[in-house]
*Asks:* 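Got a structure for you, questions after.
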Amino acid sequence: MSELIEDCAQLPFALTHPEHPLPAPRAAAPWQVDERCAHQVEGLAEYGV
C-alpha cells in the first residue's frame with residue numbers, strides 16, 4: 001500500500017490539478033437482471049453463496 005501511495009505522489013501536477021475541472025458524474029442508467037445474467041449464477045446456492 002505504501003508503494004501505491006508513493007507512486008500516486010509522483011503524478012504530475014497537471015494531472016492532479018487539471019486546468020478545467022471534470023464534468024459532474026452522470027446518473028446511472030436503470031438496469032434489470034435478464035435471463036443471461038441469471039444463468040451465470042445458477043447453482044451458486046450449492047456452494048453456500
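Being a predicted model, the structure only gives us computed values, none of them experimental.
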*Asks:* If the condition is side-chain contact (heavy atoms from CB on, under 4.5 Å), which residues does Leu4 pass it with, not counting sequence neighbours?
*Replies:* Met1, Cys8

*Asks:* Between side-chain atoms of residues 16-31 and protein atoms elsewhere (two or more places apart, or another chain), which donor-acceptor pairs fall under 3.5 Å?
*Replies:*
| unit_1 | atom_1 | unit_2 | atom_2 | d |
| --- | --- | --- | --- | --- |
| Thr16 | OG1 | Phe13 | O | 3.2 |

*Asks:* With side-chain hydrogen bond (donor to acceptor under 3.5 Å, both in side chains) as the rule and sequence neighbours excluded, what pairs involving residues 33-42 come up?
*Replies:*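 Residue pairs with at least one partner in residues 33-42: His39-Glu42.
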
